[in-house]
Amino acid sequence: MSNQARFNDQRGLLLRAVRPYGEAAVDVRILDGTIAEIGADLAPADDETVIDGGGAVLLPGLVDLHVHLREPGREDAETVRTGSEAAALGGFTAVFAMPNTDPTADTAGVVEQVFRLGEQTGLVDVHPIGAVTVGRAGLQLAELGAMADSVARVRVFSDDGACVSDPALMRRALEYVKAFDGVIAQHAEEPRLTVGAQLNEGVVSARLGLTGWPAAAEEAIIARDTLLAAHVDSRLHVCHVSTAGSVDIIRAAKAKGWQVSAEVTPHHLLLTDDLAEDYDPVFKVNPPLRTASDIAALRAGLADGTIDCVATDHAPHSSEDKESEWGSASPGMLGLQTALSVVIETMVETGALDWRGVADRMSAAPARIGRLADQGRPIAIGSPANLVLVDDTAHWTVDRAALASKSRNTPYEGRTLPGRVVATFLRGTATVLDGKLVAGQVAGASR
Amino acid sequence: MSVSIGRHLLSSQDLNNETAVALLDTAARLDAAMTGREVKKLPTLRGRTVVNLFYEDSTRTRTSFELAAKRLSADVVNFSAKGSSVSKGESLKDTALTLQAMGSDAVVIRHHLSGAPRRLATWIEGSVINAGDGTHEHPTQALLDAFTMRRRLRDGEGDLKGLRVVVVGDVLHSRVARSNVRLLRTLGAEVVLVAPPTLLPVGVAEWPCEVSYDLDSALPGADVVMMLRVQRERMTASYFPSAREYSRRYGLDAARLAKCEEHTLVMHPGPMNRGMEISAEVADDPRRSVITEQVTNGVSVRMAVLYMLLSGEGVANE
């Protein structure tokens with residue numbers, strides 16, 4: 001695309017007729033990676049590239065606190081590059097990569113490797129999450145300080161996929177990370193209550209003969225951890241909240257002023273457990289899909305701020321890990337390229353959130369929790385130009401073969417979703433234009 | 001008029017009252033046709049291939065299906081997980097594609113994971129028959145149970161309207177219970193599930209049956225008492241304190257059986273834990289226990305299933 005080729009040589013950029021937060025249309029000028037001017041009918045400078053927004057919604061670049069990029073170790077399922085491509089196409093400018101890689105990201109060496117791979121790819125900022133315990137085995141603290149002090153400057157720690165279930169160890173982890181303003185992101189799952197668990201425990205699991213994953217197994221850990229966080233005055237972040245009871249517990253903790261934050265995934269805002277009816281493991285995820293009343297509570301919690309943010313839990317799996325019996329399949333779903341559309345369908349079209357609300361829950365709040373200074377900033381003069389342009393009138397039909405991820409495990413195959421990412425800008429450089437990756441953006445672009 | 005039961009038998013829910021009764025009728029006719037024959041074989045499925053794909057050991061069910069297929073003159077291949085490519089890590093999908101390539105007409109699958117037969121049915125063109133999947137379903141067991149009840153209590157005709165069937169034991173882990181609740185309701189019977197609360201699934205309240213924790217109060221008025229196998233290992237996971245306490249509260253012995261009606265039948269899908277869920281005296285009671293008859297009827301019912309799935313035209317009424 002000649003426009004793109006030209007664009008990459010440009011210094012200045014003028015976004016014409018864009019609607020920040022879905023409000024009145026303006027022009028936005030970007031210079032040196034920063035928003036330089038916002039106003040009506042800005043005159044283009046001579047060397048400036050002009051992009052006609054056509055009235056599309058302009059939001060701060062999205063930030064995802066919870067993705068699995070699978071590198072190192074499972075490059076057949078995803079790599080930092082392919083995951084970054086999916087992220088950029090989904091409107092993200094920063095992602096936090098979970099440490100359940102092989103080797104585990106539990107040392108400064110591994111988190112720095114992931115961080116550098118992200119830098120080399122250059123499509124989104126990749127912030128590694130460090131494991132809380134060595135090998136995510138839940139027995140001994142990993143060198144959290146070394147990861148915090150590393151080039152990757154890790155601030156979020158999680159054993160995601162496994163719960164830090166030992167209460168004494170969880171307490172120490174919460175205390176220890178206070179030294180560098182870290183946060184423990186807990187995968188809340190009491191392991192003794194979820195032995196062999198396959199699906200939300202309820203009417204559907206009873207009918208399908210699948211071992212139940214009770215809501216109480218999540219809620220019990222969240223309740224315990226909020227108490228621990230309060231006791232040691234530290235920060236707790238709850239990953240992928242999935243039940244109505246969890247929302248109540250987090251709401252109560254926040255009402256007491258405790259430092260608790262929480263995320264919800266797009267799939268838990270939309271999909272219910274009865275999708276397991278045909279035993280297709282594309283709907284197998286951990287925590288499992290729940291019920292319609294859980295969805296209602298999660299949406300209400302996200303709307304009123306009890307749940308701070310949306311995080312995808314983007315979890316690519318190879319076909320051999322998904323084309324199997326339900327019980328032997330790996331849990332997890334793709335999420336990066338569909339997240340914003342699902343949030344539009346579940347929160348914007350229902351009137352639960354306006355676009356400012358979306359910007360908060362998908363950009364400002366996760367950036368704040370992850371302690372990113374240069375992401376999630378308001379659309380204002382002087383802010384870094386991390387931006388996403390969304391055609392809120394468009395619809396698209398999910399085609400798993402067309403997704404950027406190396407894996408194909410999207411639960412939305414064939415679904416028509418609202419809202420299309422038109423362009424994504426990382427510090428003023430387009431990573432996506434016209435809904436496509438900008439070619440030749442970064443070093444080593446060949447795959 | 002002919003009745004089709006579709007391409008697969010994956011769940012009791014695949015059957016409605018009409019197709020279930022037609023299937024039982026077919027089983028009865030096949031049974032009659034075999035009786036008194038010197039050569040127990042019908043030519044119906046000559047040239048067809050039936051594969052028994054067993055991921056779990058089950059001599060009883062596998063042999064029953066094998067006999068059923070052979071009596072209809074089908075070629076039978078037994079493919080057990082042990083000593084095959086399956087034990088070398090081949091996936092179910094690859095195994096399915098292999099069987100498909102070999103031209104099997106029907107696959108009878110027993111699997112330790114719920115839903116495996118439904119997955120298999122998406123990968124192959126032939127028929128899939130669920131011979132028991134995890135803790136989900138075992139529809140041919142429910143059919144042979146219904147066949148036995150109908151023969152004993154309904155003169156071998158029609159459905160089971162008005163029968164009261166008490167199912168006792170480890171409902172939570174039982175594919176037999178799930179299949180029976182569905183099929184018996186379809187056939188018009190009333191079902192009462194009796195178990196300690198730990199061995200009932202959360203969500204059982206939505207099932208089309210009554211639920212009780214007290215065996216003694218459930219027995220009067222029962223036409224059939226079906227005892228489910230309870231594995232002794234369950235007590236190590238605290239489902240109940242001890243085998244002795246389980247047996248005392250939920251086991252069927254002669255004293256309890258005396259509270260039942262004269263005509264009450266005792267059934268068990270096997271294999272039995274004598275002394276645990278059922279006493280030897282009850283299991284061997286020649287008047288009440290129809291446990292070996294269930295096994296015999298299993299062959300006829302499975303012949304009917306194979307016949308209706310593979311003969312291509314459903315069952316022609318005479």
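Here is how names work: the chains are called A, B, and so on, in the same order as the sequence lines, proteins then strands, and each is numbered from 1. Values in this document were obtained by computation on a predicted structure and should not be read as measured data.
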Minimum heavy-atom separation for [X] to [Y], with atom names?
X	Y	result
B:L92	A:E325	CB-OE2, 3.4 Å
A:L210	B:T135	N-OG1, 4.3 Å
B:E206	A:V203	CG-CG2, 3.1 Å

Tell me, for B:R182 versus chain A, whether the close heavy atoms (under 4.5 Å) come from the side chain, the backbone, both or neither.
side chain
B:H173, part contacting chain A, at a heavy-atom distance under 4.5 Å
neither
Should we say atom CZ of A:R400 is surrounded by more than 12 heavy atoms from elsewhere, each under 6.0 Å from it?
no
Is the CZ atom of B:R249 crowded by more than 12 outside heavy atoms at less than 6.0 Å?
no
Distance from [X] atom [atom1] to [Y] atom [atom2], nearest 0.5 Å?
X	Y	atom1	atom2	answer
B:K93	A:E320	NZ	CD	10.5 Å
B:S114	A:Y279	OG	OH	5.5 Å
B:S11	A:R207	OG	CZ	10.0 Å

What option among B:H112, B:R178, B:E137 has the most heavy-atom pairs under 4.5 Å with chain A?
B:R178
Contact leader toward chain A among B:L10, B:L172, B:L113, where contacts are heavy-atom pairs under 4.5 Å
B:L113
Toward chain B, the part of A:T211 with a non-hydrogen atom under 4.5 Å
neither
At a heavy-atom distance under 4.5 Å, which candidate from A:S324, A:S328, A:G327 has the highest pair count against chain B?
A:S324
Residues of residues 119-130 of chain B near chain A, each having a heavy atom less than 4.5 Å away:
B:R119, B:W123
Output the residues of residues 188-203 of chain B for which the shortest heavy-atom distance to chain A is under 4.5 Å, in residue-number order; output 'none' if no such residue exists.
B:P201, B:V202, B:G203
